[in-house]
S.K.: 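Pasting a structure below so you can have a look.
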Amino acid sequence: MTVAAGAATVLPAGRLLSAPGDSPPGADLRAVKLSGAETTIERATVRDLRASLSGTLLAPGDDGYESARHVWNGMIDKHPALIVRCTTTADVVHAVTFARERELLLAVRGGGHSFPGYSTCDGGLVIDLSPLRTVDVRADSRTVRAAGGAWGAHVDAATQKYALATPLGQISNTGVAGLTLGGGFGWLSRRFALACDNLISVELVTADGKVRHVSEHDEPDLFWAIRGGGGNFGVATSFEYRLHPLDPTVIAGRVVFPTAQIKDVIEFYATLITHAPRELSVDLGLATEDDETPGAHLNVVYYGDPKSAGKVLEPLQHFGKPLLNTIKPQSYVVVQTWFDPPPVDPTHHYLKGGFVSEYSSGLIDALTEFQPDKQTEIYFQTANGAVADVPQTATAFSHRNAIANMMLLCEWKERSQDEPGRAAARATWSKVVPFTDGYYVNLSDADPKGTDSNYGPNFRRLAELKKRYDPQNLFRLNANIKPA
Ligand SMILES: Cc1cc2nc3c(=O)[nH]c(=O)nc-3n(C[C@H](O)[C@H](O)[C@H](O)COP(=O)(O)OP(=O)(O)OC[C@H]3O[C@@H](n4cnc5c(N)ncnc54)[C@H](O)[C@@H]3O)c2cc1C
């Protein structure tokens with residue numbers, strides 16, 4: 001139960017302080033502080049904030065508030081007290097300062113793709129960067145600068161015009177911001193490492209409201225921390241990445257095997273992805289087809305020399321008895337949309353994830369027993385190759401020895417299924433979690449083990465930097481690193 005301090009009102013769990021209608025028109029806004037206590041924000045103060053912005057300020061009842069409050073995952077249904085839709089870095093500074101001075105609960109939204117819904121909150125202030133999507137390619141210097149609300153699609157479309165690319169995620173409408181700050185795995189990672197490993201600089205608004213240019217040379221401590229430390233250290237308003245040559249046509253597709261071959265497919269995949277050239281990326285999915293037939297899927301993307309494609313893909317073309325093989329030359333930009341969900345998806349999504357460093361017989365046995373259905377699948381996103389070339393303490397991201405990120409992906413349509421769905425997911429996950437070592441901060445919800453052990457040898461430095469740059473823990477809606 002949530003108890004409204006200083007009032008007789010008792011709000012049932014999940015009932016929202018600032019749900020439209022809670023504050024009569026013209027009244028002060030009811031909001032939530034970092035401590036969880038209720039507060040009010042005077043209308044005059046809200047007017048001042050609105051007047052200071054180039055972008056838009058939305059409060060419950062305002063036109064546009066209802067659509068602006070929704071994030072990607074349909075399971076997340078929150079009502080912020082204020083949403084600042086930023087169009088400039090100055091807007092971000094005003095919003096951060098406003099939240100800090102009033103100790104307001106603060107969420108930061110890039111692409112809105114957080115599974116647990118970290119980019120929104122009940123009763124707090126949301127800094128929404130979605131109006132900031134400019135992408136500027138410098139083909140001569142092979143760099144690209146993307147604004148803090150850009151999606152992978154915006155960056156890929158701009159860079160592929162020059163046959164260049166930087167590794168981003170496998171879904172085109174994921175925000176580059178959250179993805180990069182937590183790491184960033186994609187089809188290009190076996191060859192070019194993580195999105196965060198390709199960062200040259202970031203413009204970051206820290207909790208004190210300062211705008212900082214963060215790079216290897218300027219603010220190197222912060223540059224280290226934001227490459228894997230997630231949104232803990234400030235609001236990133238732009239990202240500058242290194243680009244690599246990438247032909248707009250890659251050879252890619254899906255090979256699907258019946259469940260009877262699952263064990264053989266997993267063993268084949270484990271060997272293949274350990275020894276394959278880095279220009280080949282293959283993910284494994286244990287999932288159902290559209291007609292609900294369960295199977296083992298190998299999702300394949302080859303972006304090396306086309307003359308070597310035949311030889312590199314030969315083992316894949318000759319293995320087992322597939323039900324389907326769609327491997328063919330196709331556009332990289334199209335491959336990036338293969339699994340795209342709607343940007344705001346009414347489906348409820350729930351995910352458990354963990355890194356694996358080997359396909360042990362115990363893991364393979366557990367996977368062989370797993371039965372995918374239309375609500376549940378297991379997916380292995382390949383995480384080896386160039387990712388492991390970067391030393392474990394060179395950036396905050398510490399999971400350099402993983403071979404894959406294993407995910408249990410669950411979905412359903414109705415809110416009434418949330419609890420039973422989550423319970424079923426946890427039961428399934430309990431059978432494979434013993435084979436994981438740490439988790440990807442960009443994907444999992446709060447882990448009982450906490451962020452400390454997950455960051456391994458990097459945790460102490462992260463906690464000290466958090467204390468230096470965000471002692472109040474203003475940026476806490478993330479895989480949170482508590483100030484030392
Ligand atoms: C369908 C789907 C597919 C995915 N595929 C991949 C994949 O292929 N590879 C991969 O690595 N990950 C993948 N992810 C995970 C993804 O990296 C994370 O969900 C990531 O946080 C999304 O970033 P976002 O900006 O869209 O998220 P948001 O929901 O906007 O934010 C997520 C977190 O990042 C913080 N944040 C966002 N923007 C900023 C900013 N500008 N400055 C500071 N902090 C910020 C937020 O406060 C929040 O804590 C996928 C997620 C989904 C839902």
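Order of appearance sets the numbers: ligands from 1, and atoms from 1 within every ligand. Positions are given from 1, in the same order as the sequence printed here.
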S.K.: If the plane angle is over 60° it's perpendicular, under 30° parallel, otherwise tilted; pick one for F397 and H399.
M.R.: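 Geometry flag for H399 against F397: perpendicular rings.
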S.K.: Between R278 and D389, does any side-chain N to carboxylate O distance fall below 4.0 Å?
M.R.: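 D389 and R278: salt-bridged.
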S.K.: Look at the aromatic rings of W412 and Y350 and report parallel, tilted or perpendicular, splitting at 30° and 60°.
M.R.: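 The arrangement is tilted - the two ring planes meet at 30° to 60°.
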S.K.: If the threshold is 4.0 Å, N to carboxylate O, is there a salt bridge linking R69 and E66?
M.R.: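 Salt bridge present between R69 and E66.
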S.K.: Using a cut-off of under 3.5 Å, which N/O atoms of ligand 1 pair up with protein N/O atoms, and what distance separates each pair?
M.R.:
residue	atom	partner	partner atom	Å
ligand 1	8 (O)	Q170	N	2.8
ligand 1	8 (O)	F185	O	3.4
ligand 1	8 (O)	Q381	NE2	3.1
ligand 1	9 (N)	F185	O	2.7
ligand 1	11 (O)	F185	N	2.8
ligand 1	11 (O)	Y440	OH	2.6
ligand 1	17 (O)	N442	ND2	3.1
ligand 1	19 (O)	H113	O	3.0
ligand 1	19 (O)	N442	O	3.4
ligand 1	23 (O)	L179	N	3.3
ligand 1	25 (O)	G111	N	2.8
ligand 1	25 (O)	G178	N	3.1
ligand 1	26 (O)	G111	N	3.3
ligand 1	26 (O)	G112	N	3.4
ligand 1	26 (O)	H113	N	3.1
ligand 1	26 (O)	G175	N	2.9
ligand 1	27 (O)	H113	N	3.2
ligand 1	29 (O)	H113	N	3.0
ligand 1	29 (O)	S114	N	2.8
ligand 1	29 (O)	S119	OG	2.6
ligand 1	30 (O)	G110	N	2.7
ligand 1	30 (O)	G111	N	3.2
ligand 1	30 (O)	G112	N	2.7
ligand 1	38 (N)	G110	N	3.2
ligand 1	41 (N)	A236	O	2.9
ligand 1	42 (N)	A236	N	2.8
ligand 1	47 (O)	V108	O	2.8
ligand 1	49 (O)	L477	O	2.9

S.K.: According to side-chain contact (heavy atoms from CB on, under 4.5 Å), who are the partners of D91, at least two apart in sequence or on a separate chain?
M.R.: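 Expected list: L53, S54, C86, T87, T88.
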S.K.: Kindly determine whether H349 and W72 satisfy ring-ring contact (aromatic ring centres under 6.0 Å, His included), including the steps that lead there.
M.R.: CA-CA 9 Å; H349 296 271; W72 165 74; 4.2 Å; yes
